Structures are given as structure tokens and as C-alpha cells.
Amino acid sequence: DAGITQSPRHKVTETGTPVTLRCHQTENHRYMYWYRQDPGHGLRLIHYSYGVKDTDKGEVSDGYSVSRSKTEDFLLTLESATSSQTSVYFCAITPGNPRGEQYFGPGTRLTVT
Amino acid sequence: AQKVTQAQTEISVVEKEDVTLDCVYETRDTTYYLFWYKQPPSGELVFLIRRNSFDEQNEISGRYSWNFQKSTSSFNFTITASQVVDSAVYFCALSGVYGGATNKLIFGTGTLLAVQP
């Protein structure tokens, strides 16, 4: 158990509304990541963080922003949700070596109607 | 460009059969890491193995074994004497440097393994 929780676990929202997903970890890991999982695409990196206030874009960052004001929390915001952002969102951490294995949270299933 | 290909979309076997899941990767990095993850029907992602590019020794863990061959850019996963509990989607992933020293995982599209009783 890597001590990662995600909230909410399920959410249904309407197109155009803002949505924030939270990832919380209890072990002070420096590196945190947000991925989305879609059929036929595996998992794709949205944004990642390498420390408090240090974040950068991944390969599918359009329409998403992130913030990390505390080591333990990494927030993913959809400023104006679209149906194409319907997906399962996973948060991950890497303990220690940044090129080590990543451990994932339980996921958030987001549906945009 | 970095890429992971899992050509087998779905595999169905009967319990106790051996099954091999294929993974082919592309990278220009000389140092890289390869991973396998399991995603059971409950949805969580479970880390199985990490292998660095300098270690081509095969790995065995119980009924699981991994065959890494740099010459063919493959990192295949074999389950011996499969069980119903092995039913899951299996993802192969490749590490890539994406900005600074952080690690980005490039995932294949996954192979759905169904083990029938």
C-alpha cells in the first residue's frame, strides 16, 4: 500500500463545469503524476510534479491544470469539462529514485455529460 | 520516439495453460527501464516488475517469468499454469525522461487475459 488516496472516486458532471480531482499521499514522496486511462490508449501522462509548486506538462495536458501547494496533495483541475475528458484518472507516485516504479492510487471515474 | 506495442489485444486460455504476453518497445535511450503492471477487474493498477536496460537476465517469481531481449526490443511476460485469478489487463510500460530527471511511463495499450475455469 503506497498510501495514495484519490477523491472523489466517482463523479458525473456537465459539460462546461469546472472539476477538481484530488490526490493525497501520506509518505512525503517528491514525485507525483496524473494519468488518464482510455480504451485503446493505455495510460497517458497529463501532468506531473517534482516538488511543491514544481509541475510540468505531460503528453495530454490540454484542458487540464494542476497545483501542488503541499507535498501530500496534487490537484488536477478541468477548467471547463468536455465530453472528451470522460475517463478514468489515476494518480501515481514514485518513491525515491525518480526512474523507479510508480505506484498508483485507486482511480477516479469521471463522466462528463 | 518512444513507444510500447502490445499486439495481443485479448487472449483467452483455459486454467493451467501457460500463456505469454508480448511486449515490444522502441526507444533511443541507452538507459531505460521496463515495467509490467496488472489491472484486475476491480480496476487498481498493481506493479509487477521493473527491469533496467543493462540487466538482460530472465526473472522468475513464482508462476510469473519475464524474458528481456534487447536484440529484439522485447520484454515478454509468461504465466505458467494460469489460474482464474490471473484474469486481468496487463500493461507493459517503458520509462522515458520527460523534462529534467523525472520519469514518464509510456504504456502499451494492454492485453486482456481471460482465464477460463
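All chains are named by letter (A, B, ...) in the order of the sequence lines, taking the proteins before the strands, and each is independently numbered beginning at 1. Here the structure is a predicted model, which is why all the values come from computation and not from measurement.
For the pair Gln37(A) and Phe91(B), the minimum side-chain heavy-atom distance is below 4.5 Å. With a 4.5 Å cut-off on side-chain heavy atoms, Leu43(A) and Leu45(B) count as touching. Considering only heavy atoms from C-beta on, Tyr35(A) comes within 4.5 Å of Leu105(B) through its side chain.
With a 4.5 angstrom heavy-atom cutoff, Gln39(B) touches chain A only via side-chain atoms.
For an aromatic pair to be called close, the ring centres must be under 6.0 Å apart, and Phe47(B) with Phe104(A) fails this.
Residue Leu48(B) is not grouped with residue Val24(B) when hydrophobic side chains (ILVMFWY) are merged at heavy-atom distances under 4.5 angstrom, including chains of intermediate members. Cluster membership for Ile11(B) and Tyr64(B), using ILVMFWY side-chain heavy atoms within less than 4.5 angstrom, is shared. Hydrophobic clustering (ILVMFWY, side-chain heavy atoms < 4.5 Å, transitive): Val60(A) and Leu75(A) are in distinct clusters. Linking Ile, Leu, Val, Met, Phe, Trp and Tyr whenever their side-chain heavy atoms come within less than 4.5 Å puts Val88(A) and Leu112(B) in one cluster.
By number of non-hydrogen pairs under 4.5 angstrom with chain B, the leading residue of Pro39(A), Ala92(A), Gly100(A) is Gly100(A). Put simply, of Thr9(B), Val46(B), Thr31(B), the one with the most heavy-atom pairs under 4.5 Å next to chain A is Thr31(B).
Annotation: Lys3(B), atom NZ; neighbour count of heavy atoms from other residues, nucleotides and ligands within 6.0 Å does not exceed 12. For Arg109(A), the CZ atom counts as loosely surrounded, since its 6.0 Å shell holds 12 or fewer non-hydrogen atoms of other residues, nucleotides or ligands.
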Residue pair Glu101(A), Phe35(B): steps toward the side-chain contact (heavy atoms from CB on, under 4.5 Å) verdict: CA-CA 7 Å; Glu101(A) 60 271 18; Phe35(B) 306 80; 3.8 Å; yes

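At distances below 3.5 Å, at least one donor-acceptor pair connects side-chain atoms of Tyr37(B) with backbone N or O atoms of Gln102(A).
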